[in-house]
Amino acid sequence: MSVEVGELRIPVVWSPDCLLHEPGGEVWLGLRETGTEVPERATVILRALQDAGAPVLPARGHDIAELYSVHHPDLVRHLAGIWAEWEAGGYVSEHGRDRVVPYVFPTAAMLAGRPGRVPAAVHGRVGLYCYDTMTLVGPGSWEAIRAAADAALTAAELIAAGGQASYALCRPPGHHAGPDGYGGSCYLNNAALAAQALRKAGVGRVAIIDIDAHHGNGTQAIFYGRPDVYYGSVHVDPGAGWFPHYMGFADERGSGPGAGANRNLPLAPGAGDDRWLEKVAQLSEDVRRHGAEAIVLSLGVDAASDDPESPLQVTAAGYRAAGELIGGLGPVVAVQEGGYDLPSLGEYVLATLAGMQLGAAAD
Ligand SMILES: [Zn+2]
């Protein structure tokens, strides 16, 4: 379904370095498959937004220490250096292993209560940070990971400076990346970095609304114990067999001082606009109650009916309605998460941002 949008005035923050990450597929249930998190995702979104008249601003570079605001420095150092170590270790030249992929994971079951250690072998160390086999690192990955983080931070700065809406075209996405681990095609948590940047700029209370089809377990983990950054997500029910499997259930409500500031609204596979928008409205009410002064929208459009990565059935009109609801809550930084159906991806992102623009105007 095509949605009328008019001219888009929301600034799009972008860095061409986001195209340098070529994961080269994923290892999915033991087989190397082509994967769907491809550079073309970003180019089709950029084209759709530019065609609608959106101004495009370059992502500003940030000091690496900015990334430590939500991530352990060891994770950041791992991501920054692992490809060079992998190459130097001969994995590519001697064994044809052209991407970094873990094979052993220090799970609680393996450690049996003993403290973890840092393995001497490069291939042993990857599982210390990467929690699945589908999030591969290649030659340009770090440059893109860094650029996506820069885009999110720059978009947050536009809001901190008084802007009403901004959009960061982040690739790779980020909401599955936690304080000290990565997975789910995500490496650093762009939305969490944006939220923390807003807090640092003096915004008292921030809310993250996550409308990606999957639960943002990384974002939840980062803010789970904090009352100042609310996290709310609508997603396909992990209890019905969907990634991230172990997190995203309704009874996860935050801990300690963060109790009540985390909300998961899982949906049954097959849910479409009506049920999905009901949950988005519920999250919006929650955000109002929380008293958020600025919103970070984890904008995944993989709940789209044609998306290969989820069983939800949301239309572009549904996404526009969600954008309108969220745009009416206050200033919004939208951060690109998932969305994998190349023919409709641009239309869905555009519809959401057009809705945000409409919602902000009506506010
Ligand atoms: Zn997703």
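When a ligand or atom number is given, it counts from 1 through the structure's own listing order. Please read all numbers here as calculations on a predicted model, not as lab measurements.
Under a cut-off of 6.0 angstrom, the local environment of CZ in Arg289 is crowded, with over 12 non-hydrogen atoms contributed by other residues, nucleotides or ligands.
Using bins of under 30°, 30° to 60° and over 60° for the plane-to-plane angle, the ring pair His95/Tyr91 lands in the tilted bin. Note on ring orientation: taking the six-membered ring where Trp is involved, the planes of His176 and Phe243 are perpendicular (angle over 60°, cut-offs 30° and 60°). Ring pair Tyr319/Trp276 is tilted by interplanar angle, where 30° to 60° counts as tilted.
Screening Asn189, Asn190, Asp210 for a side chain to side chain donor-acceptor pair (under 3.5 Å) with His175, the sole residue that qualifies is Asp210.
Taking 2.8 Å as the criterion, Glu337 does not count as a coordinating residue of the Zn ion (ligand 1), since none of its N, O or S atoms falls below it. Using a cut-off of 2.8 Å, one finds that His175 contributes no N/O/S atom close to the Zn ion (ligand 1).
The N, O or S atom of Asp212 lying closest to the Zn ion (ligand 1) is OD1. Per residue His214, closest N, O or S atom to the Zn ion (ligand 1): atom name ND1. Distances from the Zn ion (ligand 1) to the N/O/S atoms of Asp302 are shortest for OD2.
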